[in-house]
Structures are given as structure tokens and as C-alpha cells.
Amino acid sequence: MATSTAFDDLLADDGRVEPRDEMPDAYRRTLVRQVAQHAHSEIIGMQPEGNWISRAPSLRRKAILMAKVQDEAGHGLYLYAAAETLGVERADLLDQLHTGRQKYSSIFNYPTLSWADVGAIGWLVDGAAIVNQVPLCRCSYGPYARAMVRVCKEESFHQRQGFEILHTLAHGTPEQRAMAQDAVDRYWWPSLMMFGPPDDSSPNSAQSMAWGIKRFSNDDLRQRFVDMTVPQSEVLGLTLPDPDIRWNEERGHYDFGPIDFTELGEVIAGNGPCNRDRMAHRVGAHEDGAWVRDAATAYEAKRAARTAG
Ligand code: ACO
């Protein structure tokens, strides 16, 4: 009882929970679930864009894309490290990803069919990630909140590079413009789905908000994303594939059309266009990397033996 009171007081004061603090088991489990899922999303997210590194249209674009994909690997590392402060092992988390017991973001199960998709991912997917993640910098769990500060700075760069790719294509030849529009048409709705199910069918939201893990609901963040993105689409001169988008003076927000949450459910259940490819690639990369992990373990054992001797 005393423990839960100290935890409750800390949350009531908007304090940060640190790894050695007492915390309810359910709080710890929720954080492991969310932080692990977030980490998995970062490393699976390397695949759709990684596909385009060898086909980027110039050396400059290639260098930027390589840096971006490396950033995603770095985000995965900060997040696995944050998850480990909750008393779990990174190897176990990866095992749960590989066996389908933990999830990763739905968005990475869509294919990247053209170079413009790299732009759409930067502008829309990383834009949505920023809207979702900036409030997580104030998450009640200290290590997760601190990891988010750097992640968000890097995501801002990613979002701008995507916007700049699309801006260049939208002002290029008619074919380039059509390619940019096609990418936006395909990525718009899946980006809105990234925010999760609507509030009235989001089983985790109420408790996560009470614990200060989530600061805003799925629908509030989705609305914030739409409000931010519509004016940007006007600057790009591209349209968003939703005839219902219009400014609502009374609400002070853009209205938008209904989202097909059946599609989100299907993608989360493993039936999106690329789920199987993404997992097969990830498991293959993990197996191919076994010799690196073995070598590092052997090296560490030798070093420890030398120090002990
Ligand atoms: N993709 C996959 N699964 C999802 C998605 C999605 N877009 N949205 C919701 N879900 C899952 C939830 O994980 C939950 O399943 P679980 O209980 O088995 O974990 C279920 O659907 C119901 O959803 P919610 O109750 O709304 O779940 P939650 O409160 O965790 O909210 C959210 C989901 C908003 C994604 C939250 O976990 C979050 O903010 N996570 C951190 C951000 C993140 O992971 N971003 C990754 C993509 S961004 C990027 O890497 C570029």
C-alpha cells in the first residue's frame, strides 16, 4: 500500500518514475508493451526505405537516406535500452517480435513502390510520428521520456527531408508530379491509422492516460496531425485523397472523412500487404547476424578472463 501511495503521489506531482522506483506491475507491463512495440517499429521501419538506398536518384539523396535509415536503427537502440531499464532483456523482446507475440506499427506493412514513397514516408509517416511522440517527451517514465527528446529532434529532420523530396517532385515534370501525388494518395489513410483505433475502441488509452504514459488520446492526436498537414499539402500543391476535408469554423479544426478501421485491424492481425515480407526479412537478418553476437560474447568472455587473471 505504501508503495502505491508513493507512486500515486509522484504521478500527482507530475514527477518522473525512474527505474529503481517502486511501480505497480501493470504500469511496468504497459510500458514494456508500448516501448518494445515502439522499438520494434523503429527497426522494422528501416526496411521500406532501405529498399530505396541503392536506387536513390542522386548521391546527395542517397547520403541523406542512408543517414535517415541509420537514425531509425539508433532510435531502436535507445528504445530497447529504455525497455531494458524495466527489467526485460533485449534478446527476449526480439524473440517476441520474431514469433509475433509483440507488435510493430501497422504503417511499415505497406510497400514503397516509387521514389516518391520515400518522400511521402518522411512527410506523412514521420510527421505523424512527431505528433504522437512529442507528448511522449513528457511521459511519466523517465528513461522513455528522455529517449523521446532526441528521437523527436531527428524525426523533425526526417519530416523535412520528406517534404523537400515531395516539393521537388511536385514542381518537376508532369510524371514526377503524378508520382508524388500517387504516393500521397497511398500513404494518407495508413498514416491516419498509425494513431491507433478510435478512442471508444482503444482498450489501453484510459489507463495509460491516467498513468501519464499517454498524454493525449488517439483521436486528439489524429486531429492534430490533420490540422498540421492540410496547410502543408497546400504549400506542396498536392491534394489529400479525402473529399470530406474542410475547415470547420465552429470546431476550429479540419473535418475529415471516415477511416476504414477494418483495414487497420487486418494489418495489425498480420494480413497487410507486406507483413510476411517484413518479418521474413527481419528474422533472416537476425539469423545472419548470429556470428556477430557470438563473436562479441566470446570477445567479452576473453576480456573478462584477462581482467580477472
Ligand atoms: N499499429 C500496430 N498496432 C497498433 C496500432 C498501430 N498503428 N495502433 C494500435 N495498435 C494496437 C495497440 O498496440 C494495442 O494492442 P496491444 O494491447 O496488443 O499492444 C491495440 O492496437 C489497441 O490500441 P490502443 O488501446 O489504442 O493501444 P495504445 O494505448 O498502446 O495506443 C499507440 C497505441 C498510439 C500506437 C501507442 O502505443 C503509442 O503511442 N506508441 C508509441 C509510438 C509508436 O510506437 N510509434 C511507432 C511508429 S512511429 C515510427 O516509428 C516512425
Side-chain angles (χ1 to χ4, degrees), residues 26-27 29-49 68-69 71-80 82-83 93 96-97 100-110 118 120-139 141 144-145 147-148 151-152 154-159 161-162 187 189-222 224-225 259-261 263-272 274-275 278:
Y27 175 84
R29 275 198 309 275
T30 293
L31 273 165
V32 169
R33 177 183 66 77
Q34 178 166 326
V35 179
Q37 182 171 316
H38 196 162
H40 299 328
S41 303
E42 298 287 354
I43 63 165
I44 297 279
M46 296 167 73
Q47 292 186 37
E49 290 177 288
K68 192 202 156 183
V69 173
D71 283 353
E72 308 294 355
H75 297 175
L77 289 179
Y78 316 149
L79 286 162
Y80 284 119
L93 298 180
Q96 295 194 56
L97 168 67
R101 283 172 294 150
Q102 280 179 349
K103 301 185 166 84
Y104 60 90
S105 181
S106 51
I107 193 69
F108 301 119
N109 293 305
Y110 291 86
V118 174
I121 290 181
W123 178 44
L124 296 174
V125 174
D126 296 321
I130 294 170
V131 170
N132 168 269
Q133 288 168 191
V134 165
L136 292 174
C137 298
R138 293 190 295 111
C139 166
Y141 188 59
Y144 188 30
M148 279 301 111
V151 168
C152 284
E154 293 174 353
E155 293 293 0
S156 300
F157 155 67
H158 298 171
Q159 199 257 359
Q161 68 87 38
Y187 271 92
W189 292 107
S191 299
L192 292 188
M193 292 174 202
M194 283 174 69
F195 294 92
D199 294 349
D200 56 11
S201 40
S202 161
N204 301 300
S205 279
Q207 182 60 71
S208 286
M209 287 175 73
W211 277 328
I213 295 174
K214 284 168 89 160
R215 296 288 180 178
F216 297 96
S217 77
N218 297 357
D219 285 332
D220 284 352
L221 292 175
R222 193 168 5 247
R224 193 176 284 194
F225 173 67
I259 298 172
D260 179 5
F261 284 109
E263 177 175 324
L264 176 64
E266 279 297 310
V267 177
I268 295 177
N271 302 320
C274 299
N275 295 59
R278 300 291 184 242

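In each ligand, atom 1 is the first atom listed, and ligand 1 is the first ligand listed.
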Could Arg222 and Asp219 be called an ion pair, given the rule that one side-chain N must be under 4.0 Å from one carboxylate O?
-> yes

With Arg278 as the cation and Phe108 as the aromatic partner, state whether NZ or CZ is under 6.0 Å from the six-membered ring centre and within 45° of the axis.
-> no

Nearest non-hydrogen partners of [X] and [Y], listed with the distance:
| X | Y | result |
| --- | --- | --- |
| Thr30 | Ser208 | CG2-OG, 3.6 Å |
| Met194 | Val125 | CE-O, 3.7 Å |
| Gln161 | Val118 | NE2-O, 4.4 Å |
| Cys137 | Ala145 | O-CB, 3.4 Å |
| Pro48 | Ile121 | CB-CD1, 4.2 Å |

For ligand 1, is any non-hydrogen atom under 4.0 Å from [X]'s backbone (N, CA, C, O), its side chain (CB onward), both, or neither?
| X | answer |
| --- | --- |
| Glu72 | neither |
| Asn132 | side chain |
| His75 | neither |
| His38 | both |

Which of the atoms of ligand 1 are close to [X], meaning less than 4.0 Å from one of its heavy atoms?
| X | value |
| --- | --- |
| Tyr144 | 41 (C) |
| Met194 | 7 (N), 48 (S) |
| Phe195 | 34 (C) |
| Ala129 | 48 (S), 51 (C) |
| Met193 | 7 (N) |
| Glu42 | 50 (O) |
| Phe108 | 49 (C), 50 (O), 51 (C) |
| Tyr104 | 1 (N), 2 (C) |

Evaluate the side-chain proximity of Pro135 to Leu221: yes if any heavy-atom separation is below 4.5 Å, no if none is.
-> yes

Using a 4.5 Å cut-off on heavy atoms from C-beta on, say whether the side chain of Phe225 contacts that of Ser191.
-> yes

Contact check, [X] vs ligand 1, heavy-atom distance below 4.0 Å:
| X | answer |
| --- | --- |
| Gly45 | no |
| Gln102 | no |
| Phe216 | no |

So, regarding [X] and ligand 1 (criterion: nitrogen or oxygen to nitrogen or oxygen, under 3.5 Å), is there a contact or not?
| X | answer |
| --- | --- |
| Asn204 | yes |
| Ser41 | no |
| Lys103 | yes |
| Leu264 | no |
| Pro203 | yes |

Check against side chain to side chain contact (heavy atoms under 4.5 Å, CB included), Lys214 and Ser202 | CA-CA 12 Å; Lys214 284 168 89 160; Ser202 161; 4.3 Å; yes

Between the CD atom in Glu155 and the CE atom in Met148, the distance rounded to the nearest 0.5 Å is 8.5 Å

From the candidates [options], the one that places a heavy atom nearest [atom]:
| atom | options | value |
| --- | --- | --- |
| atom 8 (N) of ligand 1 | Gly265, Gly127, Gly196, Ser202 | Gly196 |
| atom 6 (C) of ligand 1 | Ser106, Ser217, Cys139, Ser191 | Ser106 |
| atom 4 (C) of ligand 1 | Asn218, Ile268, Ile44 | Ile268 |

Any idea how His40 and Tyr80 line up, ring-wise: parallel (<30°), tilted (30 to 60°), or perpendicular (>60°)?
-> tilted

Atom 9 (C) of ligand 1: nearest protein contact (heavy atom, Å) = Pro197 CD, 3.6 Å

In the protein, what heavy atom is nearest to atom 29 (O) of ligand 1, and what distance, to one decimal place, separates them?
-> Lys214 NZ, 2.7 Å

Short side-chain to backbone donor-acceptor contact, Arg215 and Arg138, under 3.5 Å = yes

Examine distances only and state if a side-chain atom of Asp126 and a backbone atom of Ser156 form a donor-acceptor pair shorter than 3.5 Å.
-> no

Atom 32 (C) of ligand 1 protein-contacted, heavy-atom criterion under 4.0 angstrom = no

For Trp211, which of Tyr144, Tyr27, Tyr141 qualifies under ring pair (Phe, Tyr, Trp, His ring centres under 6.0 Å)?
-> Tyr27

